[in-house]
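Structure record follows, encoded as structure tokens.
Each chain gets a letter, A, B and so on, in the order the sequences are listed, and its residues count up from 1.
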Amino acid sequence: MTVQPANHGATDIDRRTLAVIESVARQVAAAIAAGELPEIALPRRGLANVRYDADKGYFELGEARKTRRLTAGTARIFAQTLRLMAVSRQLVADGDFATKREAYYVAKNWGVCRFGDQAESDAVMDDIEALASMYGLSREQLRFHPESHGGAVAGPLTVIDRGAVPGETIEIDCAALGSGAYSIPHSVEHLQFRTKARFILAIETGGMFQRLNNHRFWREANGILVELGGVPTRATRRFIRRLSDDCRLPVYCFTDCDPYGFANIYRTLKVGSGNAAHISPLFCVPKARFLGVTPKDIVDYDLGDATHPLSRVDEKRARDALANDPFFRRHRRWVAAIESLLKMGVRAEQQALAKWGLNYVIEKYLPRKLADRRSFLP
Amino acid sequence: MPEGDATHPTAFEMAARQRAISVSEFFLKNRHLLGFDSQSKAVVTTVREAVDNALDACEEAGILPEIAVEISRRGAALRVAVEDNGPGIVEGQIGRIFGKLLYGSRFHKLSQSRGQQGMGISAAGMYGQLTTGLPMHIISRIAGEAQAAELHVSIDTSRNRPDIHRKRHLDWDRPHGTRVEVEIEGRYQRGPHSVESYLKQTAIANPHVTLALRDPDGVEIRFQRSVETLPPLPSEIRPHPHGVELGQLIQMLSDADARTLRQFLERAFSRVGRKTADAIIERASAGLSARSYPRRIAHAEATRLHRAIAGTRISGPRTDCLAPIGEERLLEGLRKEIDASFYTVLTRRPAVYRGNPFQVEVGLAHGKPGRPYLEADDGSTRRRKRRGDREQPAQAADLPGRSDEPVRLLRFANRVPLLYQQPACAITRAATQINWRSYGLRQPKGGLPLAPMVMLVHVASVWVPFTSESKEAVASYPEILRELKLGLQDCGRRLARYLRRDRALRLAEAQRSRIETYLPHVGIALQEILEIGDAERERTVAALDAVLRRQRKI
């Protein structure tokens with residue numbers, strides 16, 4: 001998979017998107033003209049076709065393809081796939097976008113071809129997205145946007161966005177938004193960045209982000225703060241990926257010390273998930289590292305009396321990660337960390353540091369962690 | 001017409017065989033036994049008896065039957081008139097044929113014919129007499145005679161004697177034939193137990209017959225013959241020893257002309273030669289010898305003789321006396337009267353029950369052309385169909401019926417439709433005992449299968465065992481049940497083959513139309529993406545359609 005080159009023009013991506021759609025349509029038309037049953041080759045999205053690429057550092061779809069050939073059984077979904085691609089093409093041409101829900105309603109105009117429910121249209125959309133991902137294109141480039149926007153951003157960063165008039169640009173200084181923050185849009189492909197920051201700090205909770213932003217932590221640390229808000233949305237993941245790629249910034253992840261923080265939030269940000277492996281090449285942030293809170297921090301910062309016992313779900317998630325997750329299994333330090341957490345039988349939240357004072361995290365914890373990057377987990 | 005030629009007896013010869021049998025008062029009190037138990041049934045029974053007689057007479061005389069049935073209202077009563085182009089009846093016999101119960105040519109001989117006892121038509125007359133007080137009105141002309149005879153006949157029920165009221169000769173525009181008119185208290189109804197239904201079924205089993213009906217409302221229906229030749233006439237046989245009841249044997253002995261028992265056995269029965277006769281006599285032993293005088297044989301000896309007959313091995317009865325409808329004619333009859341998309345017919349080989357030869361024939365007519373029939377209907381379609389039902393009540397004459405209704409079972413005995421007592425009939429029993437699911441039909445437990453199908457079953461025999469004298473249901477002898485089932489199963493297998501093919505075709509058709517609904521959308525998508533014109537889009541869709549057609553070989 002090709003990684004997006006830095007500083008591409010928006011029109012260039014759009015041209016590639018149109019080219020992909022048109023080449024599929026042309027293949028179908030050519031097959032018909034040659035008197036053959038037309039077919040569309042799509043990557044298999046099942047877990048069986050997902051593997052962890054240690055070199056690239058993320059989950060990736062394998063080579064397995066499913067062929068959607070036009071037959072009695074597939075006539076409907078075949079037509080739907082092509083028509084949804086036509087919608088995508090029109091959106092690109094018009095410079096517009098549609099949310100998944102909107103796309104579902106656009107299809108209501110297709111008569112017998114319309115989708116019965118959104119699950120149906122989402123599945124077809126995922127197929128098209130997987131197809132586009134083979135050419136390094138994301139769903140956002142197909143102009144199908146997710147419902148949820150990205151998290152908040154604050155710090156020494158200028159985001160260069162499109163203006164209302166073509167050619168016009170708007171510059172947003174993320175250090176000049178006061179106690180507020182910049183909100184990552186649904187699609188981030190067209191954004192450009194300018195920064196002198198040294199790193200990106202991805203923060204699990206909105207509360208911690210607020211605290212660090214309000215106390216201008218980013219100024220002393222010279223880092224860009226990004227709020228993840230639980231498992232990061234597509235827009236947040238893509239934003240962090242593009243920002244770190246374009247500006248060559250390391251990404252540090254700051255979550256709770258529990259299996260959810262490791263296996264769901266951090267793992268998804270860094271290597272993606274099996275369910276959406278087809279978007280990994282564009283959405284994963286392989287250079288992310290785990291800053292904390294680590295199980296070792298519980299000991300080092302004496303947080304033992306600010307912890308909660310692991311729930312049964314936590315334990316199951318931890319054991320599952322040790323047994324099945326190729327990412328964790330590959331990293332001995334992670335295995336050791338999770339095992340020690342299981343041994344302690346407790347979890348610690350980011351806020352546990354407040355045990356030593358509300359601003360302990362700003363004054364002591366983060367500076368000390370940032371000074372010793374070898375303590376980060378891979 | 002070959003009237004009076006060597007092979008067919010003349011009316012005079014036929015008359016010579018007609019004899020008195022029994023009394024009539026019993027039946028006056030038990031009229032339900034003869035099929036006059038309800039007002040609507042009385043009409044059908046009257047028509048049936050007259051038409052059966054007419055058909056038998058025509059066929060025996062070698063005439064292609066042409067029969068007109070007219071039913072008109074006479075005040076509260078109905079007048080039933082049946083007119084045939086038969087040989088006519090000798091004037092001297094008319095009174096006895098119509099005015100005396102159990103007088104006929106059929107009872108004393110064993111051959112396959114519609115009427116058996118000589119009861120029907122005079123019973124109809126008696127019913128009319130009882131309910132309206134009017135005598136039967138008969139006109140009959142024998143070919144070659146200048147005028148027709150007209151008689152009014154009633155029945156002296158206490159003495160079982162005809163009472164002839166008026167008698168005269170008149171000019172009749174028909175060269176030969178008989179017209180019977182009887183006024184009865186009755187109700188004319190439509191539906192499965194109707195005169196029309198009876199005539200239609202008669203037309204199916206007798207494609208050489210032309211039938212016309214004029215109902216009380218003046219509506220005329222005609223069932224035109226489609227076969228121009230008469231079926232072969234069944235030959236007469238002597239009874240087979242194993243089929244004779246004790247009482248019948250005693251009667252035969254007392255009526256015997258033979259001078260010795262051996263002679264009697266050889267003459268009275270089929271399949272009995274000198275050797276078999278001696279074997280029977282030896283087995284009967286005490287008190288009986290080959291030279292015993294038949295008329296003097298006492299009851300006890302007769303009982304022993306009867307047991308001896310049953311214990312003796314005798315070769316089976318001759319079966320060449322049977323005249324089945326035949327597969328060709330049966331198919332013709334079904335095709336002529338029933339609009340279906342699949343027909344199959346089968347004539348089984350003759351078999352024997354209790355010494356009587358019989359033969360089973362089965363015909364199936366399935367589906368309606370132009371009306372899609374899918375056994376694998378989903379629930380919604382079936383619900384929709386059922387809603388439609390309420391608007392359109394089931395028509396009995398609607399053959400075949402709808403796919404969610406039981407098959408229309410048409411039962412025949414010696415070519416006569418059996419309209420009543422379907423549940424009591426061996427034919428129904430056989431049809432419900434078969435597992436039709438294995439032939440691709442739906443079937444409720446213990447019932448007839450559900451399908452748009454006509455199931456025709458004919459039992460031909462020199463002596464059809466009816467459950468009652470009204471001849472409405474065939475008795476369930478194991479041998480008959482077995483033959484019925486084998487015949488139905490054979491036809492069921494053919495039906496299953498057809499249904500499988502039919503279903504595969506329809507499935508392919510359904511898939512094809514499924515594809516066709518989505519093809520235009522492929523065209524639209526390609527047009528939008530590749531920015532092609534309408535003409536090219538149409539071309540692409542047409543090309544795609546051609547590709548699919550070729551791939552699926554439809």
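- Using a 4.5 Å cut-off between heavy atoms, A:Leu70 contacts chain B through both its backbone and its side chain.
- Neither the backbone nor the side chain of B:Ile532 has a heavy atom closer than 4.5 Å to any heavy atom of chain A.
- Atom CG of A:Asn109 is surrounded by 12 or fewer heavy atoms from other residues, nucleotides or ligands within 6.0 Å.
- Within a 6.0 Å radius of CZ in A:Arg101, other residues, nucleotides and ligands contribute more than 12 heavy atoms.
- Side-chain atoms of B:Leu526 and A:Ile32, non-hydrogen and from C-beta on, do get closer than 4.5 Å to each other.
- If you measure heavy-atom distances from A:Arg89 to chain B, the contacts under 4.5 Å come from the side chain alone.
- For B:Glu531, the part sitting under 4.5 Å from any heavy atom of chain A is the side chain, from C-beta outward, and nothing else.
- Taking every heavy atom of both residues into account, B:Ala525 and A:Ala86 meet most closely at O-CB, 4.0 Å.
- Between A:Arg76 and B:His521 there is no side-chain heavy-atom pair separated by less than 4.5 Å.
- Counted within 6.0 Å of CD on B:Glu328, heavy atoms from surrounding residues, nucleotides or ligands total 12 or fewer; the atom is thus considered open.
- When each of A:Glu22, A:Gln90, A:Arg26 is tested with B:Ile529 by the rule side chain to side chain contact (heavy atoms under 4.5 Å, CB included), just one qualifies, namely A:Glu22.
- Summarising the geometry of B:Tyr518 relative to A:Val112, their closest heavy-atom pair is CE2-O, 3.6 Å, with the distance given to 0.1 Å.
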